[in-house]
**Student:** 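If you scroll down you'll find the structure; I have some questions about it.
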Amino acid sequence: MGDGETLGAGEYLDRLFEVIREEALGNPEFAARLVRATGGQVTFPERDREVLLNPVDIAAREGAEGVYDQFASMDVSTLRRVLKAHNLATPVDVRGKKKEDLLGMLSRRAMERVAARSSLKPD
Amino acid sequence: MSANIAAIANLKGGVGKSTTTVMLADGLAYCYGLDVLVIDLDSQANSSQVLLTELGLDQVADQDKGAHELLGQFVRGEPPIAGPFIVPNAVSLEELRKAEEEDDRKGWVSILPSHPKLRMAEMSLEEDWYSTTGTPSTLTAALTEHFRGAVEPLLSLYDVILIDCPPHLSPLARAALATAETFVLPTLADPISIWGSKQFSDWVTEHVRSDLADNSFVVVTRFRNTSLARQIRADIQDVYLKDRYFGAVIPDSISVLKAMDRPSLDSYNTFRGKYGSVTADVRRLAQRYADFMYQRTGVAWEMVRR
Ligand SMILES: Nc1ncnc2c1ncn2[C@@H]1O[C@H](COP(=O)(O)OP(=O)(O)OP(=O)(O)O)[C@@H](O)[C@H]1O
Ligand SMILES: [Mg+2]
């Protein structure tokens, strides 16, 4: 807002939200956080899902079934990559496993990690 | 077979005791096919957590296994027996698991694990002991006797017993130091750590083991190859901890952090897969320890895997 330019509240907000909107469209991770903050559900195009969906995060929010549902559409090689990327499995663990086994492993181990690593909360 | 008992110890916290314990256990079991027992005496339970995972820690505690049970046995005045509190399988290396499956066991890792429960167990024991006529010294002596008695029958069952010690000198920690034959001393190459390592070494020499220097195996951990670190490393070797056996240098590496994060209790990885870019360093650590032992005992361990 240089050179003494002044903006009305409406114009100011328009510009601010435009920046946020642009960022959200180009940065799905940011978009996910924005929508999640408002309590909504986010959907991602298939090509972004592998990078964006964090199984442990989903396990914490939606439980084992949530993990299963969110990853059920992925193929075997993508599931293997997801398991390894989040250190939920080693290459030895995923070798020769069928899709159902990998999905089961993903949801079980994501839940295991949530259970093991959540701090005690006051009731 | 009579196991060598090593304490992995330093009063300084966070110098890599637990990490070195795990790397040495894996390295000796993998490279030399040795039967290794890890005894975790730190209530932080870090090496137990690394080998068994967090969930595994709770599971084995529910099965009444762990060092706190050994303390309970002492409190009840029962004879020292550690066997029932040991978790026989703490293997995470695929090669070892596979050999076992094919009935050709070559190298194994077991653990007498710790659990955060150990902290309360130690505190209440100390409180009770001191509330009568007991002193820290008499408790240390009594615990040493119990601990030695518990370890004695294990000597014929394992090749190496590695005790992961806590960063303090509680009576239980001192009992461990008094039971060990060799001392693995991890230290960082920074001014505060080497000062601390020297203090610790001097204290143990004066109060627990006058022959500490001859039986020490120094490991420089989390080493960053800078000129300052190189200078300090030279100082450790030539000045601070002169005349000790220099084990190995473990680089500061994300591969170490990854290796310490076992995905699940039923997860396995190959030696190379687990240790990634520090594989050669872990192998060298094991080799140097084998050389150190050969020098002390004349017994040469045979390398079975590379
Ligand atoms: N070579 C390494 N490279 C990178 N990080 C390391 C390395 N070795 C250890 N660390 C990290 O440094 C920290 C301290 O290591 P570790 O827990 O093994 O030390 P410790 O001496 O057992 O600590 P404590 O005194 O609390 O028992 C840990 O967070 C560990 O993951
Ligand atoms: Mg430790």
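Every value quoted in this text rests on a predicted model; they were computed, and no experiment measured them. Throughout, a chain's letter reflects where its sequence line sits, starting with A, and its residues are numbered from 1.
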**Student:** For B/Arg224, does the CZ atom sit with more than 12 other heavy atoms under 6.0 Å from it, leaving out its own atoms?
**Tutor:**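 No, because the 6.0 Å sphere around CZ of B/Arg224 holds 12 heavy atoms or fewer from other groups.
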**Student:** Considering residues, nucleotides and ligands other than B/Lys106, do more than 12 of their heavy atoms fall under 6.0 Å from its NZ?
**Tutor:**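 For B/Lys106, atom NZ is not crowded (no more than 12 foreign heavy atoms under 6.0 Å).
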**Student:** Got more than 12 heavy atoms from elsewhere within 6.0 Å of NZ, B/Lys258?
**Tutor:**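 Count not over threshold, so no.
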**Student:** Locate the shortest heavy-atom distance separating B/Pro263 from A/Arg109; write the atom from each residue and the value.
**Tutor:**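 Nearest heavy atoms, B/Pro263 then A/Arg109: CB-NH1, 4.1 Å.
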**Student:** So, taking the atom named OG in B/Ser264 and the one named CZ in A/Arg108, what distance separates them when rounded to the nearest 0.5 Å?
**Tutor:**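 Reported to 0.5 Å precision, the distance equals 5.0 Å.
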**Student:** May I ask you to check whether over 12 heavy atoms, not counting those of A/Glu18, lie within 6.0 Å of atom CD?
**Tutor:**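 Buried by this count: over 12 neighbours within 6.0 Å.
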**Student:** Please state whether the side chain, the backbone, both or neither of B/Asp266 comes within less than 4.5 Å of a heavy atom of chain A.
**Tutor:**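 When you check distances to chain A, atoms from both the backbone and side chain of B/Asp266 fall under 4.5 Å.
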**Student:** Indicate yes or no for a side-chain donor-acceptor contact from B/Asn269 to the backbone of A/Val92 under 3.5 Å, with no hydrogens or angles considered.
**Tutor:**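 Pair absent, no side-chain N/O of B/Asn269 close to backbone of A/Val92.
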**Student:** With chain A, which of B/Asp261, B/Leu55, B/Thr53, B/Thr270 has the greatest number of heavy-atom pairs at distances under 4.5 Å?
**Tutor:**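 Heavy-atom pairs under 4.5 Å are most numerous for B/Asp261.
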**Student:** Taking every heavy-atom pair that is under 4.5 Å apart, which of A/Arg113, A/Arg117, A/His86 has the most such pairs with chain B?
**Tutor:**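 The residue among A/Arg113, A/Arg117, A/His86 with the greatest pair count is A/Arg117.
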**Student:** Please determine whether the number of non-hydrogen atoms from other residues, nucleotides or ligands lying under 6.0 Å from atom CD of B/Glu102 exceeds 12.
**Tutor:**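 Atom CD in B/Glu102 is crowded, with more than 12 foreign heavy atoms closer than 6.0 Å.
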**Student:** Take atom CE of B/Met120 as the centre, draw a 6.0 Å sphere, and report whether it contains more than 12 heavy atoms from other residues, nucleotides or ligands.
**Tutor:**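 Counting neighbours around CE of B/Met120, 12 or fewer heavy atoms of other residues, nucleotides or ligands fall under 6.0 Å, so no.
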**Student:** For A/Thr90 and B/Tyr268, indicate whether the former's side chain and the latter's backbone hold a donor-acceptor pair under 3.5 Å.
**Tutor:**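 Side chain of A/Thr90 to backbone of B/Tyr268: a pair is present.
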**Student:** Would you compute the distance between atom OG of B/Ser267 and atom CE of A/Met105 and round it to the nearest 0.5 angstrom?
**Tutor:**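 One gets 7.5 Å once the value is rounded to the nearest 0.5 Å.
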